[in-house]
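Have a look at the structure below, then the notes.
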Amino acid sequence: MSVQKLHPSIQTGHSLSKTGHPSIQDKLGRMNIVSCRTINQGASPNKSLPNYLNFMIMKKTFFAFLLLLAVVQVSQAQEQNKFRVGFDLGYTMPSGGGGVLFAIEPKYNIADNMNVGIRFESAAMAKNVSSDGVSLEASLAASMSYAGTFDYYFNSGSSSFAPFLGAGVGYSSLANIGFDVEGFESDEVELDGKFGGLVRAGFEAGKFRLAASYNLIGKSDLGEGAEVKNSYLGISLGFYLGGGKWKK
């Protein structure tokens, strides 16, 4: 959990929303006070930080993924009118927090250097919630996105190394927002899904793929001045099956 700025109203009391329940700002303030007391009393802050869990998950899945990649045969890339299926694993970087992603993407090669596909991506992230100058990290939660994609490859057919640029549009089903603070339980806030897009760039070498993608998703308004930014950057390593070979 990270606290960027502590608003003075946190120290003066609690506020109520129109329904008579504690407001979002009040919840953020109370959780901030609890977390500060926990750290001051000598408890390990890592136990209550989703980033620590992200690091452990990423460490284990990364090595497992490397073993999986080792058994994939490296061959040349793609051919027009062929189908392929890609698998990606990576790290996500939203506005504050972090997490991991896994994606499956069936594609069809409309040309030797172009393809279209449908990307199914699950991203487990801990995102920041901000309200009136207070910013706290929410608990780890997984969202799902579905996007139609297009990639263009800068390859003349003479090599299996192919840089590419791509884009896509689709829909993201956003996970509910909650907080995991030691000694404090909070209700989850439900987030509506949103339409959005993505832009990406990277390269393929044989059947392997390294890419950086930016997922453009509108921020969610939680009411009473609180909001969460849903866009995130993803760095992924992957491979694909099928696709034929680059024509020569």
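Each residue takes its place number in the sequence, starting with 1. Computed from a predicted structure; not experimentally measured.
For the atom pair CD (Glu121) and CG (Asn215), the distance works out to 5.0 Å, reported to the nearest 0.5 Å. Here the straight-line distance linking atom OH of Tyr146 with atom OH of Tyr171 works out to 9.0 Å at 0.5 Å rounding. The distance from the OG atom of Ser95 to the OH atom of Tyr232 is 14.5 Å, given to the nearest 0.5 Å. Interatomic distance, Ser173 OG to Leu191 CG, rounded to the nearest 0.5 Å: 10.0 Å. A distance of 8.5 Å separates CG in Leu101 from OG in Ser122, rounded to the nearest 0.5 Å.
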Derivation and outcome, side-chain contact (heavy atoms from CB on, under 4.5 Å), residues Met93 and Ile235 = CA-CA 8 Å; Met93 290 170 279; Ile235 306 294; 3.6 Å; yes

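The two atoms that bring Lys127 and Val228 nearest to each other are CB-CG2, 4.0 Å, heavy atoms only. The two atoms that bring Ala111 and Gln80 nearest to each other are CA-CG, 3.7 Å, heavy atoms only. Here the closest non-hydrogen pair linking Gly98 and Tyr91 is CA-OH, 3.7 Å. Nearest heavy atoms, Ala147 versus Leu198: CB-CD2, 4.2 Å. When every heavy atom of Ala175 is checked against every heavy atom of Ser143, the shortest pair comes out as N-OG, 3.0 Å.
Scored by the side-chain hydrogen bond (donor to acceptor under 3.5 Å, both in side chains) test, Tyr152 finds Asn113 as partners (sequence neighbours excluded). Every residue two or more places apart in sequence or in another chain that forms a side-chain hydrogen bond (donor to acceptor under 3.5 Å, both in side chains) with Asp151 is listed here: Lys107, Arg200, Arg209. Taking the side-chain hydrogen bond (donor to acceptor under 3.5 Å, both in side chains) definition, one finds that Asn81 meets it with Tyr108, sequence neighbours left out.
At distances below 3.5 Å, at least one donor-acceptor pair connects side-chain atoms of Ser231 with backbone N or O atoms of Ile217. At least one donor-acceptor pair under 3.5 Å links the side chain of Asn109 to the backbone N or O of Gly243. Remark: side-chain polar atoms of Thr92 are not paired, donor with acceptor, to backbone N or O of Gly234 under 3.5 angstrom.
With ring centers used as reference points, Phe161 lies under 6.0 Å from Phe203. Here the two rings, on Phe164 and Tyr153, have centers that are under 6.0 Å apart.
A donor atom on one side chain and an acceptor atom on the other are found under 3.5 Å apart for Thr149 and Glu105. Residues Lys194 and Asn230 have side chains that never bring a donor and an acceptor to within less than 3.5 angstrom of each other. No side-chain N or O of Ser220 forms a donor-acceptor pair with one of Asp192 less than 3.5 Å apart.
Between Pro106 and Phe120, some side-chain heavy-atom pair lies under the 4.5 Å cut-off. Put simply, the side chain of Leu237 does not reach to within 4.5 Å of the side chain of Phe208, judged on heavy atoms. Between Phe239 and Asp88, every side-chain heavy-atom pair lies at or beyond the 4.5 Å cut-off. Between Ile104 and Arg119, the closest side-chain pair of non-hydrogen atoms is not below 4.5 Å.
Enclosure of atom CD1 in Ile118 is not indicated, since only 12 or fewer non-hydrogen atoms of other residues, nucleotides or ligands lie within 6.0 angstrom.
We find that Glu79 and Arg84 are not joined by a salt bridge, their nearest charged nitrogen and carboxylate oxygen being 4.0 Å or further apart.
When the side chains of ILVMFWY residues are joined at heavy-atom separations under 4.5 Å, either directly or via intervening members, Phe195 and Phe150 end up in two distinct hydrophobic clusters.
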